Amino acid sequence: MANKQTVKSVKGTRDYYPEEMAIRTWLYDNMRSVSEEFGFQEYEGPILETLDLYASKSGEEIVEKQSYVFEDRSGEKITLRPELTPSLARMVAKKQGQLTFPLRWWSFGPFWRYERPQKGRTREFFQWNIDMIGEDSAGADAELVIIAASFLKRVGLNADEVQIKVNSRELMDAETNKLGLDDEARAKAFQWIDRKDKLKEDAWLNYGKELGFSEVQMQGIQDLINNKDLWKNSETLTEVFKIVEAYGMSDYISFDPSIIRGLLYYTGTVFEAWDTAGDFRALFGGGRYDNLVGDVGGQKVGAVGFACGDLVIKLLLDKLGRLPEVGSTPADVYITVFDQDTFTESLGLAKEIRQAGIKVTSHLKIEKLGKQFKYADRIGARYALVLGPDEIASGMVNLKNLQDGDQKQISRESLISELKKFLEG
RNA sequence: GUGGGUGUAGCUCAACGGCAGAGCGUCGCACUGUGACUGCGGAUGUUGAGGGUUCGAAACCCUUCACCCACCCCA
């Protein structure tokens with residue numbers, strides 16, 4: 001026993017013990033209710049996809065370096081999905097003629113990326129995906145941003161603690177175009193912008209030179225990302241901020257020209273949520289991807305959505321002491337067994353209470369009552385019942401409140417209504 | 001893929017190169033119809049693994065593995 005090694009788990013995976021699972025479920029419940037309140041439907045794609053689905057659409061890093069790829073028995077290259085959006089695009093393309101647009105769909109499930117695990121990053125992670133397909137208007141972009149803000153609000157994060165930073169690829173393309181940057185230079189410019197918060201001023205400027213920018217170009221780019229009013233040059237962003245304002249969510253949302261995002265398929269509005277203290281990575285990220293459905297064989301339709309991992313938001317809530325107290329007990333009521341003669345009585349009582357919809361566990365063998373009470377206490381049961389010869393003779397049940405130690409005899413008839421009253425109150 | 005840190009009991013951690021320990025937890029008893037509190041008592045280690053230096057290694061050196069952190073990228 002002691003000298004036996006536990007079989008190791010796969011690197012980068014997490015075990016969800018009941019406490020952690022309760023938190024994941026709580027997050028899932030919040031994702032579900034926000035999604036459904038906005039009229040989105042749940043769906044799910046396969047966990048295995050062909051490598052082709054991601055090739056050249058997700059970005060080289062994700063496909064070449066971070067995907068779990070293996071050959072199945074026929075020799076086909078299969079990958080464990082690193083993200084959901086391409087699957088969604090494929091599903092839409094496949095049934096495009098039968099669907100009513102705009103679609104409002106959401107999903108929550110596991111994803112894999114083969115990278116070095118670290119704070120807020122694991123190889124297997126769970127992600128909420130929510131997308132609107134078949135709608136080009138800024139109203140769609142705005143709705144997704146509003147949903148994102150609503151979710152943050154719902155899990156108890158306020159606008160001082162988190163901010164959704166919004167930008168537009170289109171806008172940045174146009175503006176860098178004005179600076180005379182070609183596609184290659186633009187890619188480098190985005191790379192440079194992306195690095196601004198990570199490097200010190202000097203190092204960042206040096207990095208700009210290394211990328212081959214002239215002083216004039218660097219000044220131009222800096223002017224762009226320092227321009228807090230740059231969004232006014234974008235009709236879409238102007239509209240998005242107007243709608244967000246009208247919905248009363250502007251406090252969660254701000255314009256940030258340095259938000260670019262790495263995935264290749266984004267075409268318009270892009271956004272990310274960050275903790276304002278800057279302790280963690282992005283809580284979620286998303287944007288508009290108008291070409292993806294067309295790229296996987298469908299007709300081109302507008303699409304916008306975002307993905308939110310379960311890990312960073314959990315770290316943030318934990319830091320703020322905002323994680324809910326959930327799943328503290330598997331059974332509200334614990335039924336002890338007194339002796340062999342009364343065992344079946346206890347079992348019958350359990351059945352009765354269970355049928356009333358109350359969570360009940362009963363002891364499985366005759367043991368000292370002390371041990372039984374101890375177990376009931378350990379699992380967090382709120383009440384313990386004793387059904388001994390005295391109680392059976394008098395048609396009573398001994399009901400003990402494990403929280404305050406109160407104990408009383410009550411009749412079998414009134415037990416269930418009493419329990420319900422106590423548990424609800 | 002690159003760089004750094006840490007591995008000692010179930011957990012958190014101590015131990016100058018000189019007998020491997022504490023707290024918490026766990027188990028038993030006090031308590032033959034009652035948990036949490038209290039008191040008493042018990043159990044648990046290939047010091048991550050392999051090699052080397054040494055009279056002597058948890059400690060020093062090498063190798064390896066695991067985990068953590070940062071970079072890269074991203075949820």
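All values reported here derive from a predicted model rather than from experimental measurement. Chain naming here is simple, since letters A, B, ... match the order of the sequence lines and numbering starts at 1 in each.
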Does any N or O in the side chain of A:Arg169 come within less than 3.5 Å of the main-chain N or O of A:Ile260, such that one atom is a donor and the other an acceptor?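 The answer is yes, because a donor-acceptor pair under 3.5 Å joins these two groups.
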Would the distance check show the side chain of A:Arg281 and the main-chain N or O of A:Lys119 forming a donor-acceptor pair, the cut-off being under 3.5 Å? yes
For a 4.5 angstrom cut-off between non-hydrogen side-chain atoms, does A:Ile353 reach A:Lys359? no
Could you tell me how far [M] sits from [N] if I compare only their [atom1] atoms? Round to whole Å.
{"N": "B:rC24", "M": "B:rC16", "atom1": "C1'", "result": "28 Å"}
{"N": "B:rU8", "M": "B:rA14", "atom1": "C1'", "result": "9 Å"}
{"N": "B:rU64", "M": "B:rU2", "atom1": "P", "result": "13 Å"}
{"N": "B:rC11", "M": "B:rA36", "atom1": "P", "result": "24 Å"}
{"N": "B:rA22", "M": "B:rC29", "atom1": "C1'", "result": "24 Å"}
{"N": "B:rC67", "M": "B:rC31", "atom1": "P", "result": "50 Å"}
{"N": "B:rA59", "M": "B:rA15", "atom1": "P", "result": "14 Å"}
{"N": "B:rG17", "M": "B:rC61", "atom1": "P", "result": "12 Å"}

How close or far is atom [atom2] of [N] from atom [atom1] of [X], stated in whole angstroms?
{"X": "A:Tyr383", "N": "B:rU34", "atom1": "OH", "atom2": "P", "value": "21 Å"}
{"X": "A:Tyr375", "N": "B:rA36", "atom1": "OH", "atom2": "C1'", "value": "17 Å"}
{"X": "A:Gln118", "N": "B:rC69", "atom1": "CD", "atom2": "P", "value": "7 Å"}
{"X": "A:Tyr17", "N": "B:rC11", "atom1": "OH", "atom2": "P", "value": "10 Å"}
{"X": "A:Gln191", "N": "B:rC71", "atom1": "CD", "atom2": "P", "value": "16 Å"}
{"X": "A:Trp112", "N": "B:rA75", "atom1": "CH2", "atom2": "P", "value": "17 Å"}
{"X": "A:Glu83", "N": "B:rC73", "atom1": "CD", "atom2": "P", "value": "16 Å"}
{"X": "A:Glu115", "N": "B:rC74", "atom1": "CD", "atom2": "P", "value": "10 Å"}

Can we say A:Arg104 and A:Glu143 salt-bridge, meaning some charged N sits less than 4.0 Å from an Asp/Glu carboxylate O? yes
Does the distance from a Lys or Arg side-chain N to an Asp or Glu carboxylate O, for A:Asp141 and A:Arg288, drop under 4.0 Å?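 Judged by the 4.0 Å cut-off on N to carboxylate O distance, A:Asp141 and A:Arg288 do form a salt bridge.
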Among [options], which is the nearest nucleotide to the side chain of [X]?
{"X": "A:Asp377", "options": "B:rG1, B:rU34, B:rG35", "result": "B:rG35"}
{"X": "A:Pro389", "options": "B:rG33, B:rC74, B:rC68", "result": "B:rG33"}
{"X": "A:Arg116", "options": "B:rC74, B:rC69, B:rU34", "result": "B:rC69"}
{"X": "A:Arg281", "options": "B:rC74, B:rC68, B:rA75", "result": "B:rC74"}
{"X": "A:Lys119", "options": "B:rC74, B:rC68, B:rC69", "result": "B:rC69"}
{"X": "A:Arg195", "options": "B:rC73, B:rG33, B:rA70", "result": "B:rC73"}

Hey, which of these two, A:Gly120 or A:Leu369, hits RNA chain B nearer its 5' end, going by closest nucleotide? A:Leu369
Quick one: on RNA chain B, does A:Arg123 or A:Phe373 contact a more 5' nucleotide (nearest heavy atom)?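 Mapping each residue to its closest nucleotide by heavy atoms, the 5'-most match is A:Phe373.
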Check: [X] ring centre within less than 6.0 Å of [Y] ring centre:
{"X": "A:Tyr334", "Y": "A:Tyr383", "answer": "no"}
{"X": "A:Phe111", "Y": "A:Phe126", "answer": "no"}
{"X": "A:Trp105", "Y": "A:Phe40", "answer": "no"}

Per the side chain to side chain donor-acceptor pair (under 3.5 Å) rule, what does the pair list look like for residues 32-43 of chain A, sequence neighbours excluded?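 Qualifying pairs: A:Tyr28-A:Arg32, A:Tyr28-A:Glu42, A:Arg32-A:Glu36, A:Arg32-A:Glu42, A:Ser33-A:Arg154, A:Ser35-A:Trp128, A:Glu37-A:Arg154.
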Check every strand shown and say whether [X] touches a base, only sugar-phosphate, or nothing at a heavy-atom separation below 4.0 Å.
{"X": "A:Glu391", "value": "base"}
{"X": "A:Val312", "value": "nothing"}
{"X": "A:Phe284", "value": "sugar-phosphate"}
{"X": "A:Ala376", "value": "nothing"}
{"X": "A:Asp390", "value": "base"}
{"X": "A:Gln407", "value": "base"}
{"X": "A:Ile313", "value": "nothing"}

Distances under 3.5 Å between protein N/O atoms and the N/O atoms of nucleotides 63-67 of chain B, please, pair by pair.
| unit_1 | atom_1 | unit_2 | atom_2 | d |
| --- | --- | --- | --- | --- |
| B:rC67 | OP2 | A:Lys11 | NZ | 2.8 |

For nucleotides 26-30 of chain B, print each protein N/O atom paired with a nucleotide N/O atom at under 3.5 Å, atom names and distance only.
| unit_1 | atom_1 | unit_2 | atom_2 | d |
| --- | --- | --- | --- | --- |
| B:rU26 | OP1 | A:Arg378 | NE | 3.4 |
| B:rU26 | OP1 | A:Arg378 | NH1 | 2.9 |
| B:rU26 | OP1 | A:Arg378 | NH2 | 3.1 |
| B:rG28 | OP1 | A:Lys371 | NZ | 2.8 |

Mark yes or no for a side-chain to base donor-acceptor pair under 3.5 Å between A:Arg113 and B:rC74, with no hydrogen or angle criteria applied. no
Below the 4.0 Å mark, does B:rA75 have OP1 or OP2 next to a side-chain nitrogen or oxygen of A:Arg261? yes
Phosphate OP1/OP2 of B:rC73 contacted by A:Gln66 side-chain N/O (<4.0 Å):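 Answer no for this pair, as no side-chain N or O of A:Gln66 is under 4.0 Å from OP1 or OP2.
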Which residues pass the side-chain hydrogen bond (donor to acceptor under 3.5 Å, both in side chains) test with A:Arg354, sequence neighbours left out?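 Residues passing side-chain hydrogen bond (donor to acceptor under 3.5 Å, both in side chains) with A:Arg354: none at all.
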Check for me: is A:Phe338 stacked on B:rG33 by the 5.5 Å centroid and 30° plane-angle rule? no
Show the nearest heavy-atom pair for residues A:Thr336 and A:Leu387, with the distance to one decimal. OG1-N, 4.4 Å
Counting Watson-Crick and G-U wobble pairs whose two distances are both under 3.5 Å, find the runs of 3 or more in a row that involve RNA chain B. B:1-7 with B:65-71, B:10-13 with B:21-24, B:26-30 with B:38-42, B:48-52 with B:60-64
A:Asn158 and A:Lys153: side chain donor to acceptor below 3.5 Å: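 No - no donor-acceptor pair under 3.5 Å links their side chains.
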Examine the side chains of A:Thr122 and A:Glu124 and answer whether a donor and an acceptor come within less than 3.5 Å of each other.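 No donor-acceptor contact under 3.5 Å links the two side chains.
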Would you call the rings of A:Tyr114 and A:Tyr68 parallel, tilted or perpendicular if under 30° counts as parallel and over 60° as perpendicular?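 Answer is perpendicular, since the angle exceeds 60°.
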Report the residues that fulfil ring pair (Phe, Tyr, Trp, His ring centres under 6.0 Å) with A:Phe284, sequence neighbours left out, ordered by chain and then residue number. A:Phe306
